[in-house]
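All figures in this text were calculated on a predicted structure; none of them were measured in a lab. These values consider heavy atoms only, across backbone and side chains, with no hydrogens, waters or symmetry-generated copies. A, B, ... follow the sequence lines: proteins, then strands. Residue 1 opens every chain.
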Protein chains: 2
Amino acid sequence: MTQRRFIPGLKDVARTAGVSMTTVSRYLNADLVLPADTAQRIDTAIRQLGYVPNLHARSLSRGRSDTIGLVIPTIANPFFALLAAAVEEAAEAKGLGVLLSTTSNSASRELQYVTRMRRNQVSGLLFVSAHYHTSELAQALNDTRGLVLIDEDIPGVRSSKVLYDNYHGGWLAGQHLTEYGHRRIAFIGGPSELASTRDRFAGLRDAAAQAGAEVVFELYGPYSAAHGEDAARALLSLARTPTAVFVSSGEIVIGLLDALHRAGVEVPGRLSLIVFDDAGPLHLFNPPLTAIRQPIAEMGARAVELMLAASQGEAAETEIRLPVELVKRASVAPPASV
Amino acid sequence: MTQRRFIPGLKDVARTAGVSMTTVSRYLNADLVLPADTAQRIDTAIRQLGYVPNLHARSLSRGRSDTIGLVIPTIANPFFALLAAAVEEAAEAKGLGVLLSTTSNSASRELQYVTRMRRNQVSGLLFVSAHYHTSELAQALNDTRGLVLIDEDIPGVRSSKVLYDNYHGGWLAGQHLTEYGHRRIAFIGGPSELASTRDRFAGLRDAAAQAGAEVVFELYGPYSAAHGEDAARALLSLARTPTAVFVSSGEIVIGLLDALHRAGVEVPGRLSLIVFDDAGPLHLFNPPLTAIRQPIAEMGARAVELMLAASQGEAAETEIRLPVELVKRASVAPPASV
DNA sequence: GTGAAAGCGCTAACAA
DNA sequence: TTGTTAGCGCTTTCAC
């Protein structure tokens, strides 16, 4: 047994300061304006004893923890990292802490962590999924108060949602590509089950169709660099390779571009590239990558707002579609054959 | 008052299952092997009621939370994001949760968050600083059990530490540069008060000296892209610009390289570049950046191990220096004049 | 194997 | 204004 050194509690502070626990508690919670000398004595006692409030006790007693949960697939991805930073900042501004859980891109953990969050009595839950969605998950989510879905919609979940206008993002990409004269376009997507993936594709396809172009190749897979590398291989082994590629995520484009470099494929000389996601330092890449940029910080802020609304007021179940924009850089050029 | 719907507790489960709270509690904590039918009844009751344990109550009762605190400057930096991911993974493997706090690069928040962590009764604290260190901080840190300092040493703090061999990193950079014939080298550092910054510089300087080269320019500043841009400006306005630059962090090099591009400076044609930190997709940059790579995942894992040791056994106060390595890419070339 | 009951440290009625 | 006291939901001796 390790030596358990004396840990002072509210009681000790009260005794030392010669007041009751209630007084100290209220004083600490600013429920109360105290005569200067009483306040002084309490402050002194606290410092002297090295008193540190126990947040678990407080949460238990109050029945709430002033903490919000954030569940994301992984923090080792700039997009989610930036999102987490934005959520933290917004939460901090509201006096809320944030409890972060990463599901390591594992579907089973999504369910597990929703539960974990509930066990922690968070006042709200911000949830980002990246997987095929089971009804079990939807069920658990629907049982969670103060839920806000971010970035990715989940069918059957009733809650507020903050999403991107994925369709428009795809459309912008398609429009940009066709404006440059591309007629044979490839789409490298994330998981095909996700609404975001399908929407981005649909936007691309419609924009292409409108300009008389075509999406001649589609490939879906996880949000990983490895999937990007696979995609590059697949692309290059095509009988007639497309002249442009729209990549659905920043993680994927890393592997794709790397593989393209290694294969000696000129970008944009031989293949134009545009990516949905502008979280990393894409402007320093070779070539600087043209991208669809999403307002990450705003997404975080809005999510916190909606969570607060959802957990306090009536179930508004607002759904927000944040606009995305095209950032032109140097990875799109006219097709070589034109 | 919002409608507070019924939230089942252990008591309700016990009543429904027809056993006592004790039995349920023990069963849930696997302290106990129960007759199949009793277990069955409890499981059913839990599912039926939608019982979710209250972790605050549990932590309060047990006096510990099986959670470790991680304090980092910001999550919006790939290095820290990767570190956080590594810590999470290592903690998860030990059955520990992690409570993340980011200090937003503010020195005052470092102190604030150390306290916050203690209030949360974490079993240990992993702390990454990026600031000038006050004695107040050192004091607070020394009062924290299970403390492990990561990445950056803090004078006067007695605890286990997991650091990089910054001196050797600087030395590797200097050696590489001088091998390519550079004689006039610049050092763009992080905050000058930090031991890591000074060590990296010292390594560079010594390696340079040994090869008859010299560090002709030094500039220090925050870990930010803006500092990198300033550095580029300063570098270019020098009467005799150096032929090579060693940049102390990945964040800084982003701004630096960007400014260099905009100024039309060829890298490595006119200026060779090497950076300490290989967290981002530096291999895709233009040019691919030669870097000193640190074992981030290992740092996270070792930190968790040491924390466990520190919070359980005697205060070992181990200090680990993790080795770094040179990753040659394409941003270093012989100086133009040679 | 099972249960009764005493806390864990704090908050918030309710009294004084 | 300040104090008394009953919980918050769970764990954990200790007795049965």
Side-chain angles (χ1 to χ4, degrees), chain A residues 1 4-42 45-46 49-67 115-123, chain B residues 1 4-43 45-46 49-67 115-116 118-123:
Chain A
M1 187 72 186
R4 180 176 186 73
R5 69 173 172 207
F6 170 70
I7 295 180
L10 204 55
K11 195 165 42 180
D12 305 295
V13 174
R15 194 181 329 109
T16 307
V19 295
S20 77
M21 285 175 60
T22 314
T23 305
V24 181
S25 172
R26 284 196 184 137
Y27 173 60
L28 258 27
N29 290 299
D31 282 12
L32 191 58
V33 181
L34 240 41
D37 67 323
T38 311
Q40 198 64 258
R41 288 209 312 283
I42 296 180
I46 289 177
L49 266 43
Y51 168 71
V52 174
N54 182 324
L55 255 31
H56 296 300
R58 160 189 283 227
S59 298
L60 178 57
S61 183
R62 297 225 278 214
R64 62 194 169 82
S65 63
D66 292 331
T67 292
T115 306
R116 173 193 282 195
M117 285 297 175
R118 293 218 283 152
R119 290 162 52 115
N120 275 296
Q121 322 297 125
V122 294
S123 341
Chain B
M1 186 75 187
R4 180 175 186 72
R5 70 173 170 208
F6 169 71
I7 295 180
L10 203 55
K11 195 167 41 181
D12 305 296
V13 174
R15 192 178 334 107
T16 307
V19 295
S20 74
M21 286 175 60
T22 315
T23 303
V24 181
S25 172
R26 282 193 185 140
Y27 173 61
L28 257 27
N29 291 296
D31 283 13
L32 191 59
V33 180
L34 240 41
D37 68 324
T38 311
Q40 199 64 257
R41 288 210 311 282
I42 295 180
D43 287 335
I46 289 177
L49 267 44
Y51 168 71
V52 173
N54 181 323
L55 255 31
H56 295 300
R58 160 189 282 227
S59 298
L60 178 59
S61 182
R62 297 225 278 215
R64 62 195 170 80
S65 63
D66 292 332
T67 292
T115 306
R116 174 192 282 195
R118 293 220 283 151
R119 289 162 53 116
N120 275 297
Q121 322 298 123
V122 294
S123 341

**Asked** Is there a donor N/O on one and an acceptor N/O on the other, under 3.5 Å, for the side chain of A/Ser61 and the base of C/dG9?
**Response** no
Separation between CZ (B/Arg118) and OG1 (B/Thr115), nearest 0.5 Å, reads 6.5 Å
inquiry  = Between A/Ser25 and A/Leu10, does the side chain to side chain contact (heavy atoms under 4.5 Å, CB included) criterion hold? Intermediate values first, please.
reply    = CA-CA 7 Å; A/Ser25 172; A/Leu10 204 55; 3.8 Å; yes
Would you say A/Ser25 reaches C/dT11's phosphate, i.e. side-chain N/O to OP1/OP2 under 4.0 Å? yes
When rounded to whole Å, the CZ to C1' distance for the pair B/Arg62 and D/dT13 reads 15 Å
Here the distance between atom C1' of C/dA12 and atom CG of A/Leu10, to the nearest Å, is 13 Å
Flag side-chain contact, heavy atom, 4.5 Å: B/Leu28 against B/Ile46: yes
When rounded to whole Å, the CG to P distance for the pair A/Leu28 and D/dT2 reads 15 Å
Quiz question: by atom type and distance under 3.5 Å, do the side chains of B/Ser20 and B/Thr23 form a donor-acceptor pair? yes
Rounded to whole Å, the NZ-P distance (B/Lys11 to D/dT11) equals 14 Å
Check your understanding: Are any side-chain N or O atoms of B/Ser65 and backbone N or O atoms of B/Ser59, one a donor and one an acceptor, separated by less than 3.5 Å?
Key -> no
Residues of residues 12-24 of chain B with a heavy atom under 4.0 Å from any atom of DNA chain D, listed by number, are B/Met21, B/Thr22
For residues 17-30 of chain B, the salt bridge (charged side-chain N to carboxylate O under 4.0 Å, His left out) pairs (sequence neighbours left out) are none
Taking every heavy atom of B/Met21 against every heavy atom of B/Lys11, the minimum-distance pair comes out as CG-CA, 3.8 Å
What residues 50-60 of chain A contributes to the DNA chain C interface at heavy-atom separation below 4.0 Å is A/Tyr51, A/Pro53, A/Asn54, A/Ala57, A/Arg58
With sequence neighbours left out, the residues meeting side chain to side chain donor-acceptor pair (under 3.5 Å) with B/Arg119 are none
In whole angstroms, the gap separating C1' of D/dT1 from CG of A/Asp37 amounts to 13 Å
Per atom distances to the B/Thr38 side chain, the nearest of C/dG7, C/dT2, D/dG7 is C/dT2
Separation between CG (B/Asp43) and OG1 (B/Thr38), nearest 0.5 Å, reads 10.5 Å
**Study point:** Check: A/Ala57 main-chain N/O paired with A/Ser61 side-chain donor or acceptor under 3.5 Å
**Key:** no
Rounded to the nearest 0.5 angstrom, the CG-OG1 distance for A/Asn120 and A/Thr67 is 8.5 Å
Separation of C/dG9 atom P from B/Arg64 atom CZ, nearest Å, is 14 Å
Smallest heavy-atom separation, B/Val13 atom then B/Ala45 atom, equals O-CB, 3.9 Å
Distances under 3.5 Å only, N/O to N/O: pair up the protein atoms with those of nucleotides 14-16 of chain C.
from, atom 1, to, atom 2, distance (Å)
C/dC14, N4, A/Arg26, NH2, 3.4

Whole-Å distance, A/Ile42 CD1 to D/dT2 C1', equals 11 Å
When rounded to whole Å, the CD1 to P distance for the pair A/Ile7 and C/dC10 reads 10 Å
Could you walk me through whether B/Ile7 and A/Gln121 satisfy the side chain to side chain contact (heavy atoms under 4.5 Å, CB included) test, starting with their C-alpha distance in whole Å, then the side-chain angles of each, then the deciding distance to 0.1 Å, before giving a yes or no?
CA-CA 11 Å; B/Ile7 295 180; A/Gln121 322 297 125; 5.7 Å; no
Students should find that the end-to-end axis angle of the helix from C/dG1-D/dC16 to C/dA16-D/dT1, with five pairs defining each axis and rounding to 10 degrees, is 30°
Closest heavy-atom pair, A/Ala39 versus A/Tyr27, reported as atoms and distance to 0.1 Å, is CB-OH, 3.7 Å
